[in-house]
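A quick write-up on the structure given underneath.
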Amino acid sequence: MEAAVFILSLVDCCALIFLSVYFIITLSDLECDYINARACCSKLNKWIVPELIGQALATVLMLVSMHWFVFLLNLPVASWNVYRFLKVPMGNMGVFDPTEIHNRGQLKTHMKEAMIKLGFHLLCFFIYLYSMILALIND
Amino acid sequence: MLCGVVTFLCYLWFAPVVTFHNGCLPGARHTPTPGHSAAVPNSFDHVETGGRAMILTVSFKTLFAAAPPPPQPGSVGRQIGQSYPSLPPGYQGMAPPTNSGPVHPPAQPYGQPPQPYQQVEQLSPSLATLSLQSQTPSALRVVNLLQERNLLPTNAITAPTPCLPQDLQKINCNPDVFRCTLTSIPQTQSLLNKAKLPLGLLLHPFKDLSQLPVVTSSTIVRCRSCRTYINPFVSFLDQRRWKCNLCYRVNDVPEEFMYNPVSRSYGEPHKRPEVQNATIEFIAPSEYMLRPPQPAAYLFVLDVSHNAVQTGYIDVVCQLLLENLNSLPGDTRTKIGFITFDSTVHFYNLQEGLSQPQMLIVSDIEDIFLPTPDSLLINLNESKELVQDLLKSLPQMFSKTMETHSALGPALQAAFKLLSPTGGRISVFQSQLPTVGVGALKSREDPNQRASTKDIQHLSPATDFYKKLALDCSGQQVAVDLFLLSSQYCDLASLGGISRYSAGSIYYYPSYHNQHNPSQTERFQKDLKRYLTRKIGFEAVMRIRCTKGLSIHTFHGNFFVRSTDLLSLPNVNPDAGFAVQMSIEENLVDMQVVSFQAALLYTSSKGERRIRVHTMCLPVVNSLSDIFAGADVQAITGLLASMAVDRSVTASLSDARDAMTNAVIDSMASYRTSVLTIQQPGLLVPSCLRLFPLYILALLKQKAFRTGTSTRLDDRVFAMCQLKSQPLSHLLLMIHPVLYRVDDLNDEGALNINDRTIPQPKILQLSVEKLSREGAFLMDTGSVMYLWVGRNCSLNFLMQVLGVPNYSALPQSMVRLPELDTAESARTRTLIGWLREQRPFYPILHIIRDESPLKAEFMQNMIEDRTESALSYYEFLLHLQQQISK
């Protein structure tokens, strides 16, 4: 059971890592003028909800399997995702808005955020991997 | 307090430090990006390849007529002989201990070794003469605002002159077109942060210019690496090589460029018009086109619901269109089309050969389609008679309509579909809140909150429909101009998006009615005439480049930022202004000057692809006192206004108000602690910033940002749109109106233009104490002028100018000066006429007396006075002093 939870989290985490990398690549493409703001934002906005669900899934899994430490580690990121999703103004086209992404250093903020998330997911990846191996051995 | 200050500054001026280098794209940031990348696929090779025969014609008339910008009256040239020792690197952040503000004559201009070549002398002039036009020392004269009153100059304020060598300044870009908030650029970001002044550019790139050199050439010389156009501030290393002033790459001079068409001589590349003019227009060869230049295409979308018909605007639009049909900018390919809408959308088939226009009604507004796609947008010349027929019959067609709904969203979608194959301009006339179909809006304004001192809600859009559609339009080179004629709330905050992101313009005529509001009608007519006949550029893009080390991080204006420095402007008009904020990413050590270049690529209404290039050069300084000495208070105010609009939309109005106040407090505190050596009591500012508190107070009392005074939400949002999209000269009148006394006009100091003598009365401070019952005063707020006549005004003025026997005979509302055959009348009318000529749009004149209902509006502009909800100027100064000494 324990092992199954961590295997699932591991898969989830891999998906989130890929997503973070995808965010970073797309944003840096925009930074280098390889794609335009409109294309970049519509690409990224599509993945906001999957990311939110993925992160929430990991958090919930940890909660139901009562791994408090990992749960508390995941909770702030999950809440940030939800908060970011909810605070989008009505007139904007999503978390990434093509008309604003070049203003007030938003591009760099988004990039920083994606980098931090990548680091976080990598950390989680190793925690899950370790816990999974531990659980498999214990079984 | 401090916290608020810090957050504002961080938000606005700090560029986040993290830069990411994509592993799979090494050095991608330095990859040369082609100029106007979208429009110039693979243009590198073409543009740079030499050896082709070059056809170069320069319009000599304009070229020779292009006089250098007139010398700024306020600046006194001063020769400085001694060199100012530059501080060792470790001390560069520190302010020098004096406030005398000497300038640093560039020991080695452009940081390049002197070349033993003849031409160098001409091109890096300061080498030969270490002469330097210094900032007037008066810019740093310390002013105690609490003691010195009457600081407002009595004549118009001119832009400060950058302290550049005189020969560079002579060819520098006109400040009306290109202006920087700091005419001396700080060397490092930390120095800029210390000065607490915003760094940014204000542009008016498509301004109507009386003289503009135009160059036709098959090869446009540009830097191979950063794609900068060759400009007066590049340096020629020798006859065959030039060094880019933005990225410092050494480029070859193409063979064709060696020939100078003006002097018809060979081997003088530095005398070519491109290198002699900071503002120049190129006629672009085919490499600058993605598709054949589009024809001029105009689509008019008219609201014909009951409400709109009642206002009677349709008559005016049709009448003006009929009159100006031949003066619409365009050529034989010009296209025109019409759509009207209420709860359904009506199209007009104007196919050549029809006996009369055919109206097609589409009532399926959920899924709008074009009934006959080919015959709705037609060639104006071929179907001119049908168009005229339609314009004559249109006002009567809907006179009995009872339909009150408005399907603006579907009509816009239809208009977009119709224009998307060609691109062009959509002019939308709307008179009420859209109620049906996509993009329907609900009234969000609570009239009881108009005068609230609490935060104002609903400054941001209610839906993303208009923004999305605007971006679609922008992608297809379609711009949407919005004319809002309404007495009720229309949710301009949401509707405005359609113009804001498609580079359109917004016009707003509150309480418009043909009969009930004749002055508004007159203004609408004049504005519309200007709108229809003014110059227009289609499928335009603008790129703003700056010297390596500087970077642009925020843009203000109506456009869509397609990539980091490329603004997509489906239409560009001569009345649009832009602003950008900049940060210093790399230290500008070793540089004496930096340059900025704005290049606007557009298709003229005659189907020519043209590039208008403006280049500005500014000195780099490394002391705080020099930064303060070069501060341009008007530009700073303009930029802060744009920043504050953004702030009130993203955060809140009170945040924006605080941020503006903090901007003054911070810069003054910084001046006090870092530049002033002797600490005296009082509110001390450098002379060049003496109007800063006044302008900020004016902004706080401006319609856009005021609180506590009843302001309709649409009025407020419109003022905000204006602040972001107007060129600086118009903006300043909006912020700080000008007051003249006009009952004693005389020819003293008058201007003489084309045999007309234009009296130049003194500019008065905006305070009731300057008014007197014995006088008549003219207030110019940009879009409206008020002529206030005092109760005891001299009979002479009443009779000779206003044509009434006494004060009580003066009507309550009067919008026109009678044309009397007296010297006084002529003078007053010339003055008003001259003021009107200064701006593209027609300000209406209201002649008001004490009991007039408009007197309240006149008095609201008295910004130095105290009102129930706002501080007087003196109180504001005391507040500032209190905050600074905290």
Side-chain angles (χ1 to χ4, degrees), chain A residues 17-18 20-46 48-49 83-120 122, chain B residues 10-12 14-25 27-31 33-34 37-38 458-468 470-472 474-475 493-494 496-497 500-501 551-556 559-568 580-581 583 643 646-647 649-650:
Chain A
I17 289 174
F18 275 115
S20 297
V21 173
Y22 176 71
F23 272 51
I24 291 170
I25 291 177
T26 317
L27 286 172
S28 64
D29 275 358
L30 178 64
E31 217 172 31
C32 308
D33 283 4
Y34 288 115
I35 50 172
N36 71 47
R38 186 92 202 266
C40 169
C41 291
S42 64
K43 263 183 174 177
L44 296 183
N45 281 330
K46 256 188 282 183
I48 290 290
V49 176
Y83 168 74
R84 188 176 65 150
F85 182 68
L86 292 180
K87 74 161 187 184
V88 174
M90 271 193 293
N92 278 16
M93 292 162 70
V95 172
F96 297 91
D97 191 278
T99 57
E100 287 180 10
I101 196 154
H102 284 297
N103 273 3
R104 299 185 296 275
Q106 275 202 8
L107 185 55
K108 284 180 178 163
T109 321
H110 284 309
M111 187 70 105
K112 218 188 281 177
E113 190 186 316
M115 295 288 268
I116 292 169
K117 275 191 183 155
L118 179 64
F120 169 78
L122 281 174
Chain B
C10 290
Y11 197 56
L12 299 162
F14 277 161
V17 200
V18 175
T19 45
F20 174 72
H21 281 275
N22 194 344
C24 43
L25 305 161
R29 285 176 64 86
H30 302 293
T31 313
T33 42
S37 54
H458 308 307
L459 292 172
S460 54
T463 161
D464 65 355
F465 170 78
Y466 294 99
K467 187 190 262 188
K468 271 188 180 149
L471 295 186
D472 289 335
S474 173
S494 305
R500 195 173 312 149
Y501 303 110
S551 78
I552 297 168
H553 65 85
T554 304
F555 300 84
H556 303 280
F559 47 71
F560 171 53
V561 189
R562 201 156 63 196
S563 66
T564 42
D565 58 351
L566 184 74
L567 308 183
S568 164
V580 298
Q581 283 168 254
S583 57
M643 286 154 76
D646 269 10
R647 196 71 194 273
V649 175
T650 52

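No hydrogens, no waters, no symmetry mates; every other heavy atom, side chains included, goes into these values. Below, read A as the first sequence line, B as the second, and so on, with proteins coming before strands; counting in each chain starts at 1. On a predicted model such as this, the values are computed, not experimentally measured, just so you know.
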Subject >> Short side-chain to backbone donor-acceptor contact, B:S494 and B:A462, under 3.5 Å >> reply: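 Checked: pair present.
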
Subject >> B:R562 backbone acceptor or donor facing A:N36 side chain under 3.5 Å >> reply: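 No; judged by distance alone, with no hydrogens or angles, the pair does not exist.
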
Original post:
Between B:F555 and chain A, which part of the residue has a heavy atom less than 4.5 Å away: side chain, backbone, both or neither?
Top reply: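 Contact with chain A: backbone and side chain both.
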
Subject >> Separation between CG of B:L471 and OG of A:S42, rounded to the nearest 0.5 Å >> reply: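 Atom-to-atom, B:L471:CG and A:S42:OG are 10.5 Å apart.
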
Original post:
Once you round to the nearest 0.5 Å, how far does CG of B:L459 lie from OG1 of B:T650?
Top reply: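 Going from the CG atom of B:L459 to the OG1 atom of B:T650 covers 10.5 Å.
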
**OP:** Between chain A and each of B:A493, B:S460, B:G475, B:P461, count heavy-atom pairs under 4.5 Å; write down the option with the most.
**Re:**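 Highest number of heavy-atom pairs under 4.5 Å: B:P461.
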
Original post:
Which of the residues B:T564, B:V561, B:T463 is involved in the greatest number of heavy-atom pairs with chain A at under 4.5 angstrom?
Top reply: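 Top count of heavy-atom pairs under 4.5 Å with chain A: B:T564.
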
